[in-house]
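Quantities reported herein were computed from a predicted structural model and do not represent experimental measurements. Protein chains get the first letters and strands the later ones, always in sequence-line order, with residue 1 at the start of each.
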Number of protein chains: 2
Amino acid sequence: MSGLAKTEVDLSLQHAVLGLLSVAPASGYELAKHFEQTLPRVWHAQNPQLYPVLSKLAASGKIEVSAQGPRNRSTYALTPAGRGELRHWLVEVEPDRTMRSEVYLRAFLLTFALSAKDALEVLDREAKVWQRERDGLASFIAESEQFVAPHDSHMIAYDLTLRLADAMLGWCDETRRRIEARL
Amino acid sequence: MSGLAKTEVDLSLQHAVLGLLSVAPASGYELAKHFEQTLPRVWHAQNPQLYPVLSKLAASGKIEVSAQGPRNRSTYALTPAGRGELRHWLVEVEPDRTMRSEVYLRAFLLTFALSAKDALEVLDREAKVWQRERDGLASFIAESEQFVAPHDSHMIAYDLTLRLADAMLGWCDETRRRIEARL
DNA sequence: TTATTCATGTAATGGGTTACATGATTAG
DNA sequence: CTAATCATGTAACCCATTACATGAATAA
């Protein structure tokens with residue numbers, strides 16, 4: 001069954017799009033906003049990439065235009081074939097576990113390349129950023145839990161982001177302690 | 001001071017290379033192995049990318065050939081200018097916090113796109129992978145701690161990888177519980 | 001009516017991946 | 001002597017980013 005291209009490439013962006021459309025039908029413009037607002041720490045993709053991908057997916061029958069709106073707006077929805085491809089990819093295709101994260105890279109290099117003083121300064125700045133992100137997400141989750149159950153898919157997804165932020169915060173904290181132990 | 005190109009692009013790979021060279025001088029071949037073996041969850045980069053980058057960095061005086069070996073081998077080392085550029089980037093340049101991780105993407109989509117049964121199966125497979133990685137790293141850290149202090153830079157870097165693996169494991173566990181609560 | 005947001009795109013450029021090429025050195 | 005590993009690269013292709021273009025709808 002299927003595959004998205006002749007050559008067996010991975011093409012995660014196409015699957016990311018199928019995945020977002022499995023949550024709800026959306027236009028290219030809305031997808032771009034989802035990538036920017038809810039997925040920037042997961043899968044980064046912008047506007048000019050998306051339209052060609054949507055055309056390809058439509059051409060191969062994985063998605064279809066489910067509604068036309070004002071300003072030339074086309075809302076796309078998954079077809080059964082698209083849903084099948086998404087399931088196939090999630091269940092049967094071995095994940096590519098490589099990553100490319102500037103945040104992790106900087107954390108990794110921090111203590112090799114910087115003096116204790118510089119490292120502590122950068123560490124504190126980073127910790128603040130992650131703390132703000134963590135707090136924002138935590139209170140959003142707390143509010144949402146009044147309306148949706150914790151086993152709701154959105155809650156499960158937020159939980160992942162929260163745990164990754166916590167991991168970074170824990171590391172910042174522990175690293176501060178280790179660097180201070182050097183002095 | 002400086003910057004790596006005329007146009008103010010980010011060019012993290014060049015900084016990743018400067019960072020690895022700040023740990024120890026290395027050849028292109030050795031750098032490729034470091035990226036593959038110690039950084040695959042941080043910054044992915046391969047062989048054919050590295051040689052042009054090394055030439056560019058050498059041309060701009062950020063690194064220099066510090067030793068020639070057998071088989072045409074050139075070992076590169078940071079110059080003071082390279083060390084300065086690396087510090088500048090780590091301390092003064094605002095990080096790009098976007099990521100592109102297929103692992104996170106799959107986790108994010110898992111419960112939206114799959115049945116409880118499929119989701120639990122995938123979740124268990126993932127948990128096993130992360131558990132193996134976590135255990136391997138944890139015992140490596142335990143061994144190493146007999147020889148190096150916990151404030152050693154290598155230990156600090158390993159600690160980050162360990163915490164990220166723990167975050168994934170915690171999420172797998174919690175998500176399993178949440179999905180079972182649905183049934 | 002003017003500015004903003006919505007909405008879809010194209011073109012040029014740059015970065016990343018795959019496949020391939022070449023040959024030296026070392027281990028068995 | 002043969003296979004594996006070390007070591008450096010090139011070429012073609014694909015993917016991603018930036019800048020730009022266009023125009024419709026809505027809010028002030």
Rounded distance in Å - CD (A:Glu36) to P (C:dC6): 11 Å
Between P of D:dT17 and CD of A:Glu102, the distance in whole Å: 12 Å
B:Tyr29 vs D:dC6: side-chain N/O to OP1/OP2 distance below 4.0 Å: yes
Between P of C:dT13 and CG of B:Leu11, the distance in whole Å: 17 Å
Given C:dT18, C:dT8, D:dA16, the nucleotide with the shortest approach to the side chain of A:Ser27: C:dT8
Close side-chain approach of B:Met168 to A:Leu160, heavy-atom, < 4.5 Å: yes
Contacting residues from residues 70-77 of chain A, given that a heavy atom lies under 4.0 angstrom of DNA chain D: A:Pro70, A:Arg71
Short side-chain N/O contact from A:Tyr51 to OP1 or OP2 of C:dT8, under 4.0 Å: yes
Candidate pair A:Gln68 and A:Ser74, rule side-chain hydrogen bond (donor to acceptor under 3.5 Å, both in side chains), full reasoning: CA-CA 5 Å; A:Gln68 308 266 28; A:Ser74 298; 3.1 Å; yes
Sugar-phosphate, base or nothing in reach of B:Pro48, heavy atoms under 4.0 Å: base
Whether B:Tyr104 and A:Tyr104 hold their rings parallel, tilted or perpendicular, with breakpoints at 30° and 60°: perpendicular
Distance, rounded to the nearest Å, where A:Met99 contributes CE and C:dG16 contributes C1': 18 Å
Between D:dC15 (C1') and A:His15 (NE2): distance, integer Å: 16 Å
Toward the 5' end of DNA chain D, by each residue's nearest nucleotide, B:Arg100 or B:Gly28: B:Gly28
B:Gln49 side chain near C:dG15 phosphate (N/O to OP1/OP2, under 4.0 Å): no
Whole angstrom value for the distance that separates C1' of C:dA21 from CG of B:Asn47: 13 Å
Non-hydrogen side-chain atoms of B:His44 and B:Leu39 separated by less than 4.5 Å: no
Rounded distance [0.5 Å steps], CG in B:Leu109 versus CG in A:Leu86: 6.5 Å
Length of the CD-C1' vector between A:Gln68 and D:dA24, whole Å: 15 Å
A:Arg176/A:Asp124 ion pair, N-O < 4.0 Å: yes
Residue whose closest nucleotide on DNA chain D lies nearer the 5' end, B:Glu30 versus A:Trp43: B:Glu30
Check ion pair A:Arg97-B:Glu126 (N to O, under 4.0 angstrom): yes
A:Lys33 vs C:dT5: side-chain N/O to OP1/OP2 distance below 4.0 Å: no
Interatomic distance where CG belongs to A:Leu13 and P belongs to C:dG16 [whole Å]: 16 Å
Phosphate OP1/OP2 of D:dA16: any A:Gln46 side-chain N/O under 4.0 Å: no
